[in-house]
Amino acid sequence: MMRKYIILAVLVLNSAVTLAAELTLFEIPLSTASREDIQSAIANAGGKLKSSSRDIDQYDARSIGLPGATQLEVVYLEKKLVMAQYSFRFGKNQEERMRKMLVSKYGQPSGGRGDFDGEYIDDGKYRWAFDNRMDLIYTKEFSGSRFLSYVNVTEEARLGRIIKDADKRAAEKEAASKKSVF
């Protein structure tokens with residue numbers, strides 16, 4: 001009886017260690033990678049830069065070799081990665097293959113919503129948590145869109161606060177300019 005508990009504990013610890021690793025993309029750790037490191041890695045993998053701005057790089061991802069990947073968008077805040085997100089367009093068999101690849105590399109996502117690598121999954125978000133507040137999120141939208149997002153949770157929250165503050169200031173400014181109207 002005790003042996004069963006020991007084996008179960010080892011399995012649980014092994015799965016926890018798998019998820020508590022460094023999240024990488026193109027074999028570079030995303031929590032510490034520079035924008036230049038990420039750009040170089042994407043180009044070396046076959047990604048073709050379509051557009052670039054101060055905070056966003058968009059790549060044609062069809063040559064990267066990820067089944068069904070069409071675009072890779074990378075968002076930065078002050079040269080730190082906020083999110084790298086693949087967009088996909090594929091049929092059921094390609095999607096199932098992609099999900100099996102994810103489970104093979106990362107295990108089942110947290111949340112216990114069934115077998116992620118099964119034939120069908122529900123719409124929604126499926127999340128894996130990693131060290132350094134990094135998440136990997138597979139999104140299946142009702143509309144048919146599919147995304148795989150590598151997210152720096154800390155930087156995403158910081159960007160959200162910056163956007164919220166900017167929206168608040170803009171609303172206050174507009175309200176002040178229209179104070180006689182309402």
Considering all heavy atoms, the nearest Phe26-Ala45 contact |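 Looking at all heavy atoms of both residues, the shortest contact is CE2-CB, 3.3 Å.
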
Of all heavy-atom pairs between Ser31 and Glu22, which one has the smallest distance, and what is that distance?
->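 That closest heavy-atom pairing would be OG-OE2, 2.6 Å.
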
Identify whether [X] and [Y] are in the same connected component of the hydrophobic contact network (ILVMFWY, side-chain heavy atoms under 4.5 Å).
X      : Y      : answer
Leu25  : Leu49  : yes
Met83  : Ile28  : no
Leu159 : Tyr150 : no
Tyr59  : Phe88  : yes
Leu66  : Ile42  : yes

Looking at [X] and [Y], does any basic side-chain N land under 4.0 Å from a carboxylate oxygen?
X      : Y      : answer
Asp57  : Lys50  : no
Arg146 : Glu141 : no
Arg99  : Glu96  : no
Arg169 : Glu174 : no

Side-chain contact test, heavy atoms from C-beta onward, threshold under 4.5 Å: evaluate it for [X] versus [Y] and give yes or no.
X      : Y      : result
Glu78  : Arg158 : yes
Tyr138 : Leu102 : yes
Pro67  : Met101 : yes
Ile64  : Leu72  : yes
Phe147 : Gln71  : no
Val151 : Ile137 : yes
Tyr106 : Leu23  : yes

Is it true that the side chains of Arg127 and Ser110 contain a donor and an acceptor less than 3.5 Å apart?
-> no

What do the steps show when you test Glu73 against Gln58 for side-chain hydrogen bond (donor to acceptor under 3.5 Å, both in side chains), and what is the final call?
-> CA-CA 4 Å; Glu73 182 173 272; Gln58 291 184 331; 2.5 Å; yes

When you measure from the side chain of [X] to the backbone N and O of [Y], does any donor-acceptor pair fall under 3.5 Å?
X      : Y      : answer
Ser63  : Gly47  : no
Thr70  : Ser87  : yes
Trp128 : Asp135 : no

Gap separating the [atom1] atom of [X] from the [atom2] atom of [Y], nearest 0.5 angstrom:
X      : Y      : atom1 : atom2 : answer
Asn152 : Thr32  : CG    : OG1   : 10.5 Å
Thr24  : Met134 : OG1   : CE    : 9.5 Å
Gln39  : Glu36  : CD    : CD    : 6.0 Å
Leu148 : Lys140 : CG    : NZ    : 15.0 Å
Arg62  : Arg89  : CZ    : CZ    : 8.5 Å

Residue among Asn132, Leu81, Leu136 satisfying side-chain contact (heavy atoms from CB on, under 4.5 Å) with Leu30 | Leu81

Considering residues, nucleotides and ligands other than Arg35, do more than 12 of their heavy atoms fall under 6.0 Å from its CZ?
-> yes

Other residues, nucleotides, ligands: >12 heavy atoms within 6.0 Å of Glu27 CD | no

Show the numbers, then the answer: is there a side-chain hydrogen bond (donor to acceptor under 3.5 Å, both in side chains) between Ser40 and Asp37?
-> CA-CA 5 Å; Ser40 176; Asp37 290 340; over 6 Å; no

